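Reading through the structure tokens given below for one structure.
Counting starts at 1 for both ligands and their atoms, following the listed order. Because the structure is a prediction, the values reported are computed rather than measured.
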Amino acid sequence: MADVKKIAVIAGDGIGPEVVAEAIKVMNKTEELFGYKFSFEQGLFGGIAIDEKGTPLPQDTLDMCKRADAVLLGAVGGPKWDNNPKELRPETGLLGIRKALGLFSNIRPATIFDCLKEASTLKPEVLEGTDLIVVRELTGGIYFGEKFRREGENGQEAVDTCVYNVAEVERIVRQAFEIAQKRRKFLTSVDKANVLETSRLWREVVNRIAPEYPDVELEHVLVDNCAMQLLRRPSSFDVIVTENMFGDILSDEAAMLTGSIGMLSSASLGEGAFGLYEPVHGSAPDIAGRGIANPIATILSVALMFRLTFGYEDAAKSIEDAVAEVLNAGHRTGDIAVDKSKAIGTQAMGELIVAAMRK
Ligand code: NAD
């Protein structure tokens, strides 16, 4: 009997339930085509959980995620909860779930679909062949270091400290090497080792670990140079690994190469193969309930789950090829359509992708 993979499904708020429904159709089709088996459990999270359970992250939802092999999340949040106190805000639930599940890295692919090159602000010839992943450390660095104000000689000063220990660097760097091994085997480690002590430690650890992955070519690039090269020659990158703040900035820069937020998938990974997969976009309250959201970001998040958590490369590829085929045939949701009058809805897009999946 096939190994049954347990997937915790959190539809969330706004367009979350609409796009997640299409992603589930894709998983059902994968079972049919490839013989893999999934079991789904649904849980409340975010605004809907605040309304129904009085907390953004109910304990039973967290328990469900801990029992699962992977989590698929739609999106959370919306104007209804924006003015709530901190503990009753959907974003507090997001931080809570990442911490409780020990997710220490954030993975964001930026892949250019040829037929959407026009949607980017960069020239099509610069984008040609771009297919990269940014691996960002998520739980250390300057965002989590000690912060305080003090009186200095020239008045008030503010201090943010950036701290990394060897173990924190090691685990994310290993993860990045492993991801590179499953791709084009080229890893770019980004730091600011000419100035920062944390970066010098980062680089030492990367160099010490590198010989364990002899099949992966490694380069070190300073963060300012990386920001430039992403715009100049994005197709030369495969996997980029970096610390928290650099990764925050570079992953947004890389995301914008593709031109549309409705296309971007992401994963947050912990120890082992466990991961939480979600589209980069939010709950899009402005279009929620109208059946017009683009489900591709969520569907590509499923492909990422298959590749990174389950090692189902064949199924991941089948989904990505189906998305490309449907786009090449000219089908577009409103966010990526040039002629908005020809745009199709969320369900129609999901169903076309399911129909285009092949073994
Ligand atoms: P958003 O990503 O929800 O929307 C930004 C714009 O992009 C909107 O015009 C929206 O209509 C459009 N858009 C987003 N996804 C789309 C899709 N799949 N198809 C078509 N168009 C799409 O960002 P926002 O408006 O800043 O935030 C809305 C809410 O989402 C806020 O409450 C915010 O806190 C929350 N949010 C949640 C997450 C998350 O769940 N991880 C991430 C970002 C924002």
Side-chain angles (χ1 to χ4, degrees), residues 8-23 26 43-51 56-57 61 65 71-101 103 106-108 113 116 119 136 138 248 251-252 255-256 258-269 275-302 304-305 323 326-327 331-338 340 342-350 352-353:
V9 179
I10 300 176
D13 307 314
I15 60 169
E18 299 168 49
V19 291
V20 163
E22 301 313 308
V26 164
L44 295 178
F45 181 58
I48 187 172
I50 295 170
D51 290 352
L57 177 54
T61 299
C65 294
V71 181
L72 179 68
L73 172 63
V76 297
K80 181 173 176 193
W81 306 281
D82 276 352
N83 298 320
N84 278 6
K86 189 163 168 258
E87 66 283 5
L88 288 182
R89 290 176 62 115
E91 305 84 75
T92 306
L94 272 177
L95 292 178
I97 202 167
R98 288 182 183 139
K99 185 153 192 279
L101 298 177
L103 305 173
N106 186 250
I107 316 282
R108 283 224 217 151
F113 288 91
L116 291 182
R136 164 189 170 193
L138 211 50
D248 191 5
S251 60
D252 270 14
M256 272 305 101
T258 66
S260 173
I261 192 148
M263 304 286 300
L264 295 165
S265 59
S266 82
S268 298
L269 303 180
L276 180 147
Y277 295 82
E278 58 180 323
V280 167
H281 62 71
S283 59
D286 52 334
I287 58 165
R290 291 166 51 197
I292 59 170
N294 185 349
I296 294 179
T298 314
I299 288 172
L300 290 176
S301 299
V302 170
L304 204 54
M305 177 196 291
V323 168
V326 170
L327 292 173
H331 303 292
R332 304 276 190 273
T333 43
D335 56 318
I336 49 173
V338 178
K340 306 279 177 212
K342 294 210 180 101
I344 61 171
T346 313
Q347 279 190 25
M349 180 56 93
L352 281 167
I353 293 169

Is the shortest distance from atom 36 (N) of ligand 1 to a protein heavy atom below 4.0 Å? yes
Please round to the nearest 0.5 Å and tell me the distance separating atom CG of Asn294 and atom CD1 of Ile292. 10.5 Å
protein heavy-atom neighbour closest to atom 3 (O) of ligand 1 works out as Ala284 N, 2.8 Å
Protein contact of atom 32 (O) of ligand 1 - nearest heavy atom, named by residue and atom, plus distance: Gly78 N, 3.0 Å
Heavy atom of Ala297, distance to ligand 1 below 4.0 Å: no
Check: of Lys80, His281, Met263, min heavy-atom distance to atom 14 (C) of ligand 1 comes from His281
Considering only heavy atoms, which of Gly282, Gly77, Pro285 lies nearest to atom 28 (C) of ligand 1? Pro285
What residue and atom, counting heavy atoms only, is the protein's closest point to atom 7 (O) of ligand 1, and at what distance? Ile261 CG2, 3.8 Å
Check each of Glu18, Met349, Glu91, Arg89 against atom 34 (O) of ligand 1 and report the one with the nearest heavy atom. Glu91
Heavy-atom distance to atom 17 (C) of ligand 1: which of Asn294, Asp13, Ile336 wins? Asn294
Can you find a non-hydrogen atom of Val76 under 4.0 Å from ligand 1? yes
Kindly indicate whether atom 24 (P) of ligand 1 is approached by any protein heavy atom to under 4.0 angstrom. no
The protein heavy atom nearest to atom 10 (C) of ligand 1 is Asp286 OD1, 3.4 Å
Where is the nearest protein heavy atom to atom 41 (N) of ligand 1: which residue, which atom, and how far? Glu278 OE1, 3.2 Å
Flag: protein heavy atom within less than 4.0 Å of atom 1 (P) of ligand 1: yes
Short check: is a protein heavy atom less than 4.0 Å from atom 20 (C) of ligand 1? yes
